[in-house]
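Encoded as structure tokens, the structure appears first; notes follow it.
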Amino acid sequence: MRILVVGVNNFGQMHLSAIKNMDISIVERKPEVIEKSREKFKISSVYSSYDEALNDKFDIVDLIVPHYLHREMAMKAMEMGSNVLLEKPIATSIQDAEDLITASRKFNVKFMVTDQYYFDPSVREAVKIIKNGEIGNPVSIVVRDQRYYTHKGWRTNSRDMGGGSLIDGGIHFIDTLLNFGGDYDSIDGISRHGGSALQGEDTTTAIFKFKNGSTGLFFYTWAYRDPPVVPAFEVIGDKGSLYEDPGSRTDWGVDTPYRTVYGDLILNGKRLNIKKYDVYEREIGEFARSVENDTPVPFSPETALRDLRAVLKIYEMS
């Protein structure tokens with residue numbers, strides 16, 4: 001199976017390290033990035049032009065590019081008959097996201113947004129626990145993350161991002177919240193700019209009222225200097241509780257044995273023994289199997305659209 005990885009600097013290295021048993025080609029212009037990639041990974045071909053690369057047939061095109069390019073570049077790959085992996089968010093507008101979903105059906109290709117948080121073993125186990133009623137009916141769901149962003153680059157540009165921190169990193173945590181709470185009746189939220197390097201917003205607070213009667217509390221910021229280490233999620237039910245242990249999180253380095261997002265689960269005061277795996281390998285591997293076996297992708301683009309709708313709804317209120 002041939003895969004074309006577009007944008008292999010920085011986070012693209014994570015994708016390259018997670019690709020197994022595939023013939024890898026890349027699109028990259030920076031000589032130092034090309035050299036680094038060739039030293040670490042088995043690269044078959046290097047292209048300086050995306051359009052040139054698409055003239056060669058690839059089974060999968062993996063796009064790690066600025067958000068505003070998602071629709072245009074994914075659409076081109078689909079039109080050439082390639083299955084598409086696309087870094088989150090699915091797009092910067094509902095219309096663009098719907099256009100991509102429609103195009104994937106029209107051209108009969110697989111289409112998946114890569115969201116490693118969705119594939120995290122603790123999230124998958126927590127969803128099972130909640131659905132199985134092990135903590136009873138959910139009453140309150142808290143999802144949060146706080147950090148300080150000082151980097152430069154396209155992520156500081158609100159046009160390239162389609163917003164600020166919420167549509168970038170925050171959408172991961174929105175996905176976790178919605179996977180726990182399910183459908184919601186309403187959102188009341190606001191995004192503001194604090195003290196980060198971003199042009200766009202960097203701090204969001206929101207309350208979700210879920211159809212199952214529970215309330216979701218969401219907090220996400222890139223403007224928190226020296227933040228405390230707290231659980232990324234907590235779920236309180238009428239018969240028990242569940243939370244993430246932040247002290248057991250793994251390193252995100254490229255060369256670690258496995259990379260997860262969240263720490264271990266504590267269910268009713270007891271630590272659960274959850275089998276760990278590399279979330280990057282899992283998301284790309286499961287997508288590749290869906291291509292090989294012509295089965296549904298593991299993270300549907302409709303779910304990615306669900307997450308984007310929630311983000312844009314909060315933006316509308318801000």
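Just so we're clear, the structure is a prediction, and the values are computed from it rather than from any experiment.
- Annotation: side chain of Ile135 is in contact with side chain of Leu267 (closest heavy-atom distance under 4.5 Å).
- Under a cut-off of 6.0 angstrom, the local environment of CG in Asp185 is crowded, with over 12 non-hydrogen atoms contributed by other residues, nucleotides or ligands.
- Counting only heavy atoms from C-beta outward, the side chains of Thr204 and Ile190 never approach each other to under 4.5 Å.
- Side-chain contact between Tyr184 and Leu178 is present, with at least one heavy-atom pair separated by less than 4.5 Å.
- Between the side chains of Tyr148 and Arg225, at least one donor N or O lies within less than 3.5 Å of an accepting N or O.
- The pair Asp278-Arg259 meets the salt-bridge criterion, with a side-chain N (NZ, NE, NH1 or NH2) lying under 4.0 Å from an Asp/Glu carboxylate O.
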Checking Asn179 against Asp175 for the side-chain hydrogen bond (donor to acceptor under 3.5 Å, both in side chains) test, could you report, in this order, the C-alpha distance in whole Å, the side-chain angles of both residues, the deciding distance, and whether it holds? CA-CA 6 Å; Asn179 290 336; Asp175 181 73; 2.9 Å; yes
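- The pair Asp307-Arg309 does not count as a salt bridge, with every side-chain nitrogen at least 4.0 angstrom from each carboxylate oxygen.
- Within a 6.0 Å sphere centred on NZ of Lys313, other residues, nucleotides and ligands contribute 12 heavy atoms or fewer.
- No more than 12 heavy atoms of other residues, nucleotides or ligands shown are found within 6.0 angstrom of NZ on Lys128.
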Criterion side-chain hydrogen bond (donor to acceptor under 3.5 Å, both in side chains) on Arg71 and Ser93, from CA distance to verdict: CA-CA 10 Å; Arg71 183 191 185 280; Ser93 73; over 6 Å; no
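- With sequence neighbours excluded, the residues forming a ring-ring contact (aromatic ring centres under 6.0 Å, His included) with Phe299 are Tyr118, listed by chain and number.
- Only one option out of Met112, Glu292, Arg282 pairs with Phe287 in a side chain to side chain contact (heavy atoms under 4.5 Å, CB included); it is Met112.
- Side-chain contact check for Ile171 versus Leu166: every heavy-atom pair is 4.5 Å or farther apart.
- Counting heavy atoms from C-beta on, the side chains of Phe218 and Ile207 never come closer than 4.5 Å.
- Relative to the six-membered ring of Phe58, Arg2 meets both conditions, a distance below 6.0 Å and an angle of at most 45° to the axis.
- Counting non-hydrogen atoms of neighbouring residues, nucleotides and ligands closer than 6.0 angstrom, the CG atom of Asn108 reaches no more than 12 such neighbours.
- In the displayed structure, Asn55 atom CG is contacted under 6.0 Å by more than 12 heavy atoms of other residues, nucleotides or ligands.
- Under the 6.0 Å distance and 45° angle rule, Arg159 counts as a cation-pi partner of Tyr68.
- Ring planes of His151 and Tyr149: perpendicular class, angle over 60° (limits at 30 and 60°).
- Under 4.0 Å is where a charged nitrogen must lie from a carboxylate oxygen, and between Asp264 and Arg271 at least one such pair does.
- Taking a cutoff of 4.0 Å between a charged side-chain nitrogen and a carboxylate oxygen, Lys239 and Glu134 do not qualify as a salt bridge.
- Heavy-atom neighbours of Arg124 CZ from other residues, nucleotides or ligands within 6.0 Å: above the threshold of 12.
- For the pair Pro301/Ile90, a side-chain contact is recorded, criterion being any heavy-atom separation below 4.5 Å from C-beta on.
- Between Ile141 and Ser214, the shortest heavy-atom distance links the atoms CD1-OG, 3.9 Å.
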